[in-house]
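The analysis underlying the following values was restricted to heavy atoms, covering all of them including side chains, and did not include hydrogens, waters or symmetry mates. Here is the naming used below: chain letters follow the sequence lines, and residue numbers restart at 1 for every chain.
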2 protein chains.
Amino acid sequence: MKRTQDAALRARALKVIPNGMYGHESVRMLPDSFPQFFSRAEGAYIWDADGNRYLDFMCAYGPSLLGYRDARVEAAARAQAELGDTLTGPSPLMVELAETLVSMVEHADWAMFCKNGTDATTMAMSSARAQTGKRIVLVAQGAYHGAAPWCTPIRAGTVPEDRAHVRTYGYNDVASLEAGVAAAGDDLAAIFASPFRHDAFIDQEAPDPAYARRARELCDETGAMLIVDEVRAGFRLARGSSWSDLGVQPDLSAWGKCFANGHPISALLGSDRCREGAGAIYATGSFWLSAVPMAAAIETLRIIRETDYIEHSVVLGERLRTGLDAAAAKHGFTLRQTGPVQMPQIMFEGDPDFRVGYGWAEEMLARGIYMHPWHNMFLCAAMTEADIDATLAAADAAFAAVAERRGMLEPHPILVMLAAAQAEHA
Amino acid sequence: MKRTQDAALRARALKVIPNGMYGHESVRMLPDSFPQFFSRAEGAYIWDADGNRYLDFMCAYGPSLLGYRDARVEAAARAQAELGDTLTGPSPLMVELAETLVSMVEHADWAMFCKNGTDATTMAMSSARAQTGKRIVLVAQGAYHGAAPWCTPIRAGTVPEDRAHVRTYGYNDVASLEAGVAAAGDDLAAIFASPFRHDAFIDQEAPDPAYARRARELCDETGAMLIVDEVRAGFRLARGSSWSDLGVQPDLSAWGKCFANGHPISALLGSDRCREGAGAIYATGSFWLSAVPMAAAIETLRIIRETDYIEHSVVLGERLRTGLDAAAAKHGFTLRQTGPVQMPQIMFEGDPDFRVGYGWAEEMLARGIYMHPWHNMFLCAAMTEADIDATLAAADAAFAAVAERRGMLEPHPILVMLAAAQAEHA
C-alpha cells in the first residue's frame with residue numbers, strides 16, 4: 001500500500017507536535033505499517049491520507065456506534081448548526097437530552113454534560129466526595145478511567161498527591177474489594193467499576209454478578225457511591241445502564257464516546273442519592289453546553305431506542321468470532337477472543353510479547369482490515385454480513401502469511417520498553 | 001419581555017439537572033430577569049427560548065470572536081463534516097493547524113490539541129513538572145485557570161492534596177512573586193500568569209511590564225517554565241502571544257474558547273524548552289483530534305491574520321467606553337470600566353454589593369442588550385457602529401431607569417451568600 005502522504009505528514013508532525021503525535025490515537029505502539037493520518041470516513045470504512053480504504057474495527061476508539069457520518073445523526077447536527085452551537089447559555093435541547101437520558105438509564109435521576117470521558121469520571125469522583133464528605137475512592141487495578149492527574153496510566157508530570165485517597169482493588173475479586181472497603185474505615189467516598197474488565201493488553205473479563213452485587217451492598221453499608229464508568233462500553237451492551245442485567249444500579253455513571261455518534265459530548269448521570277453532591281461541585285467548560293452535539297445525541301439516542309443496532313452487532317460479532325477461531329485453527333493458531341462479541345479483543349495464545357498479534361494485524365491491514373493487536377475493538381451498526389465475510393477471507397490469508405513469517409517475527413521495540421516499564425511499576 | 005418558555009424549561013431542568021443548571025452559563029448569579037436558555041444566534045445577536053433578541057456582549061463567554069455562525073468558518077466546518085470528524089486517527093488538518101499556530105504564536109515550536117481550556121492548563125502544569133522534574137507551581141491569587149480539582153474556584157468535592165505544591169502570588173506584585181519563587185527553593189516547576197488580570201467581581205488590570213519581565217527572568221534563573229494562560233484573552237489582544245508587546249515570551253501557553261470561533265477545541269503551545277516534558281505526559285481525549293473543529297480553527301486563524309477584526313473591535317470598544325462614561329455621568333453615575341476595550345468590564349463606583357450594577361444590567365437586558373454585571377465581556381467582529389450606538393441609546397435610558405429605582409435596589413441574595421463565603425475563604 002502507498003504510504004507517501006502519511007510519511008510526509010509524519011515528518012511534518014514531528015516538527016510541530018511533541019513526538020509527532022500523542023494520546024490513544026498515536027500509532028507509536030502499533031505495528032509500523034499502520035497509518036497515522038486519515039482523510040475521510042463513511043459508514044464502517046475509513047480512508048488514510050494516501051487514499052487506502054479500511055474496514056475499521058476501532059470505530060474511532062468507540063465514538064462511531066452507528067457508523068461514520070450516519071445520515072440521520074448528521075442531519076440533526078446540521079439542522080442545529082443552522083441555529084447555533086456554542087451560545088451564551090444552553091439551548092432547550094439540553095433539557096430534552098437530560099430528560100431523554102434520565103428516561104433511558106435506569107438509575108439516572110439527573111444528567112450533567114461535559115466534553116471528555118475524563119471530565120465525567122472526574123466529576124463523578126468529586127460528586128461522590130462532596131455528597132459523602134469522605135475521601136477514599138477505590139478503583140480496579142489497571143482500569144482506565146481517564147487521563148487526568150488522579151487517574152492517568154502514565155505518571156510523568158504528576159505528583160504522588162494527585163492520587164491521594166485513590167486506592168485499588170482487583171476487578172471481580174470480592175475479597176480484595178471487601179479488604180479495600182474495610183481498610184477505608186469510615187472514609188470511603190466511592191467504588192469505581194467498569195461494566196466489564198476492558199483493560200489494554202490483557203484478556204477482557206465479564207463482570208462476576210457476585211462482584212457487582214457486593215460492590216452495591218458495600219456502598220449501601222458504608223454510604224459510599226457506586227460509580228460505573230460507561231465511557232467505553234455504554235450503549236454497546238444495553239440501551240441503558242450496562243449492569244441492569246445483573247440487577248445492580250450504580251449511584252453515578254460516566255458516559256462518553258458514542259452517545260452522539262462521534263460528536264463531542266460526555267455526561268455524568270446520577271441518582272437522587274448523589275444529586276446534592278453533584279450540585280455542590282464546580283464543573284464547567286467553554287463548550288460543554290454547545291447545542292450541536294446535543295442535537296446529535298438526541299437523534300443517536302432515538303436510534304438506540306428504536307433500532308436493532310445492538311442485536312445486529314451481536315450477530316455480526318458472533319459470526320466474526322466463530323469464523324476467526326476456525327480460520328486460526330486451520331493455520332495452526334489459537335486465538336484468545338474475549339470481551340462481548342460487539343467489543344472484541346483478539347490476541348494469540350502463546351504470544352506473550354505480541355509478535356504474532358502484531359504480524360497478523362499488519363497482514364490484516366495490508367488486506368484492508370483495520371484491527372488492533374492489544375486494545376478492545378468495536379463493531380458499528382453500519383457493518384454488514386458481507387463486511388464480516390470479507391474480514392474472514394482476509395483473516396484466512398493473513399493467518400497463512402503469518403504462519404509463513406512466524407520464525408522471522410520480532411516484538412515491537414516500543415512495546416518491549418513499555419512492558420519493562422510496567423513490570424517495574426507493578 | 002415574554003419569558004414563558006424560559007420559565008417552563010427551567011422548571012423541567014430543575015428535575016433532571018442538579019440545581020437546574022451548573023457552571024459558568026448558569027444564571028443563578030445573574031439578575032433574576034436574565035434568561036437561561038437560548039434558541040439561536042447569528043452574528044452579534046442571540047435569541048432566547050421565547051424569541052427575544054439581544055445584542056450579546058458575552059459572546060458565549062468568549063468563543064464567538066467573529067460573530068456567531070460566521071459564514072466563512074461554518075463553510076469550512078461543513079466541508080470537513082462531509083469527509084469526517086472523529087476518526088480512528090487525526091486528519092492531515094491536525095498538522096496544518098499545528099504549523100499554523102506555530103507560525104503565528106512567537107514562542108511556539110509545537111502544539112497539542114484538546115477540548116477544554118482546563119485540559120490545556122492542566123497539560124501545561126504537567127508538562128512543566130515533567131520537564132523540570134520539580135513540583136511547585138505559582139499561580140496568581142484569584143486567577144481562574146479552569147475547573148479541575150487542582151484549580152477550581154469552588155472546593156466542594158476536592159481534597160486538600162489536589163492543590164499540593166500549588167501556591168499563590170499577587171498579580172502584578174513583583175515582590176510577592178519573588179517571595180514565592182524564593183520560598184519554592186529548588187522545587188519550582190512553573191509560574192502561571194494571565195495576559196491581564198481578568199478575575200471576576202473586581203476591576204481588570206493590565207500587566208505591569210516589570211512584572212511580566214521579572215516572571216521571565218525568575219523562570220530563566222530557576223529553570224522553571226513560564227506559562228501564560230491565553231484561554232480567555234488569546235487572539236483578542238494580538239494575532240499571536242499576548243505578551244509579545246511586552247517583549248516577554250512564555251515557554252508554554254494555553255489556548256481555547258475562540259480560535260475556532262465556537263467550535264470545540266483548545267490547545268497547549270510550547271517552545272522547544274518544554275518539548276520533552278510535553279512529550280512525556282499522557283494527554284488524550286476521545287474527541288481531541290476530531291477534524292471539524294480543526295477545519296474551523298484553520299479558517300478562523302486565516303481570518304485573524306488577514307482581517308482587521310482586532311482594530312475594528314478596539315474602535316467599537318472605545319466608542320462604547322466613552323459613550324457609556326458620558327451617559328453614566330449624565331445620570332449621576334460613575335462607572336469603573338476596566339480591561340482592554342474589546343474585553344470590557346463594567347462596574348459602578350460606590351456599588352460594593354453590585355445592586356446598582358445588577359439593576360442596570362436588568363434595564364439593559366429589557367432593552368435588548370445582554371451585559372454582565374461582574375464578569376469581563378467580549379466584543380465580536382460582527383458588531384457594528386450602529387450596534388454600539390444602539391447600546392448607548394439603551395444605556396442612557398437604563399441609567400435613567402436605575403436612577404429612578406435607586407432607593408429600591410437590593411443586592412442579589414445568592415451574590416450576598418457567595419461574597420460571605422469568599423470572605424471566609426480569604
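If you measure heavy-atom distances from A:D109 to chain B, the contacts under 4.5 Å come from the backbone alone. Within the 4.5 angstrom heavy-atom criterion, only side-chain atoms of B:D56, from C-beta onward, approach chain A. For chain B, no part of A:E276 is nearby; none of its heavy atoms comes within less than 4.5 Å. Within the 4.5 angstrom heavy-atom criterion, only side-chain atoms of B:R78, from C-beta onward, approach chain A. Using a 4.5 Å cut-off between heavy atoms, A:F287 touches chain B through its side chain atoms alone. When heavy atoms are compared at a cutoff of 4.5 Å, B:P92 approaches chain A by way of both its backbone and its side chain. Within the 4.5 angstrom heavy-atom criterion, only side-chain atoms of B:D119, from C-beta onward, approach chain A. For B:I265, the part sitting under 4.5 Å from any heavy atom of chain A is the backbone (N, CA, C, O) and nothing else. Only the side chain of A:P63 comes within contact range of chain B, with at least one heavy atom under 4.5 Å from a heavy atom of that chain. Only the side chain of B:I46 comes within contact range of chain A, with at least one heavy atom under 4.5 Å from a heavy atom of that chain. Contacts of B:L14 with chain A are made by backbone atoms alone, with heavy-atom separations under 4.5 Å and no side-chain atom involved. Heavy atoms of B:E82 lying under 4.5 Å from chain A belong to its backbone as well as its side chain. Only the side chain of B:L289 comes within contact range of chain A, judged by heavy atoms closer than 4.5 Å.
Counting heavy-atom pairs closer than 4.5 Å to chain A, the top residue among B:W110, B:Y61, B:F34, B:Y54 is B:W110. The candidate from A:A98, A:G84, A:S266 with the greatest count of non-hydrogen atom pairs under 4.5 Å with chain B is A:A98. Between chain A and the options B:N261, B:T132, B:I281, the largest number of non-hydrogen pairs under 4.5 Å is found for B:I281. Of all the listed residues (B:A60, B:G285, B:G23), the one sharing the greatest number of non-hydrogen pairs under 4.5 Å with chain A is B:A60. Your options are A:K15, A:R10, A:E25, and the one with the most heavy-atom pairs under 4.5 Å with chain B is A:E25. Of all the listed residues (B:R40, B:Q80, B:Q5), the one sharing the greatest number of non-hydrogen pairs under 4.5 Å with chain A is B:R40. If you tally non-hydrogen atom pairs under 4.5 Å between each of A:E99, A:M125, A:M58 and chain B, the highest count goes to A:E99. Residue with the most contacts toward chain A among B:D272, B:I154, B:V27, B:D162: B:I154 (heavy-atom pairs, distance under 4.5 Å). Contact count against chain B (heavy-atom pairs under 4.5 Å) is highest for A:K115 among A:M123, A:R135, A:K115. When A:P149, A:A291, A:S64, A:P90 are compared by the number of non-hydrogen pairs under 4.5 Å with chain B, A:P90 comes out ahead. Contact tally against chain B (heavy-atom pairs below 4.5 Å) for A:P264, A:A280, A:A278, A:S286: the top residue is A:P264. No other option in B:A164, B:A13, B:A111, B:A189 has as many heavy-atom pairs under 4.5 Å with chain A as B:A111.
The backbone N or O of B:L83 sits nowhere less than 3.5 Å from a side-chain atom of A:Y68 that would complete a donor-acceptor pair. Judged purely by atom type and a 3.5 angstrom limit, B:R12 has no side-chain atom pairing as donor or acceptor with the backbone of A:V95. Remark: the backbone N or O of A:F113 is paired with a side-chain donor or acceptor of B:Y22 at under 3.5 angstrom. A side-chain donor-acceptor contact under 3.5 Å links B:N19 to the backbone of A:G279. Checking side-chain atoms of B:S91 against main-chain N and O of A:S39 turns up no donor-acceptor pair under 3.5 Å. Remark: the backbone N or O of B:G262 is paired with a side-chain donor or acceptor of A:T86 at under 3.5 angstrom. Between the side chain of B:R69 and the backbone N or O of A:A81 there is at least one donor-acceptor pair closer than 3.5 Å.
The CZ atom of A:R155 sits 14.5 Å away from the OH atom of B:Y282 when rounded to the nearest 0.5 Å. For the atom pair CG (B:D85) and NE2 (A:H263), the distance works out to 6.5 Å, reported to the nearest 0.5 Å. Taken from CG in B:D48 to CG in A:L87, the straight-line distance is 11.5 Å, to the nearest 0.5 Å.
Within the 4.5 Å cutoff, side-chain heavy atoms of A:M94 are placed close to those of B:M21.
B:R275 and A:I17 make their closest contact through NH1-O, 4.0 Å (heavy atoms, listed as atom of the first residue, atom of the second, distance). B:N116 and A:W288 make their closest contact through OD1-NE1, 2.8 Å (heavy atoms, listed as atom of the first residue, atom of the second, distance). Taking each heavy atom of B:T88 and A:C59 in turn, the nearest pair found is OG1-N, 3.7 Å.
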(message) Please evaluate residues A:R129 and B:T158 with respect to the criterion side chain to side chain contact (heavy atoms under 4.5 Å, CB included), reporting the C-alpha separation (whole Å), side-chain torsions for both, the decisive distance (0.1 Å), and the verdict.
(response) CA-CA 7 Å; A:R129 284 178 170 164; B:T158 70; over 6 Å; no
